[in-house]
Amino acid sequence: MTRTQINRWAATIPLFLSGAAFLLVLGVVATGWERNLPDEGAAAHLFQLLIAVQIPLIAVLLWTADWSQPRSLGKWLVIDAAAIALACAPVALFRL
């Protein structure tokens, strides 16, 4: 794999992980999965893993970035940050 391909993968995989985290939260809210547990359950741990795995991927994105084109890098960072915010919004909204 070339540096550009690694960079592209590191930029797009967090989008899918954020989407999966968002769908997980919506599924928990819609179905009431793990409601009334004394502690957080499997859904919360899955959400945390989906968000935490993005940190090393974003580090790889920064490491493999073409710093001669900062607008492209900035675009991907903004999109990734927006996807993470979208995934975390229902958690904050429903106080899960």
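Because only heavy atoms are used, hydrogens play no part in the values below, and waters and symmetry mates are left out as well, while side chains stay in.
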For the student: nearest non-hydrogen atoms of F47 and A87, plus distance: CE1-O, 3.6 Å
Spacing of CZ belonging to R8 relative to CD1 belonging to I6, to within rounding of 0.5 Å: 11.5 Å
Within one Ile-Leu-Val-Met-Phe-Trp-Tyr cluster: V29 and V91, side-chain cutoff 4.5 Å: yes
Candidate list T64, D66, T12, test side chain to side chain donor-acceptor pair (under 3.5 Å), partner N7, passing option: T64
Identify all side-chain donor-acceptor contacts of residues 70-81 below 3.5 Å with residues at least two apart in sequence or on another chain.
none

Q5 to M1 - nearest heavy-atom pair and separation: OE1-CA, 3.3 Å
same_hphob_cluster(F22, V25) at 4.5 Å side-chain heavy-atom cutoff: no
Gap between atom CG of L24 and atom CG of L17 - 0.5 Å precision: 12.0 Å
Heavy-atom closest contact (P14 atom, A10 atom, distance): CD-O, 3.1 Å
For a quick test of your reading: what N or O donor-acceptor pairs under 3.5 Å do the side chains of residues 50-63 make, sequence neighbours left out?
| residue | atom | partner | partner atom | Å |
| --- | --- | --- | --- | --- |
| Q54 | OE1 | S18 | OG | 3.2 |
| Q54 | NE2 | S18 | OG | 3.0 |
| Q54 | NE2 | L50 | O | 3.2 |

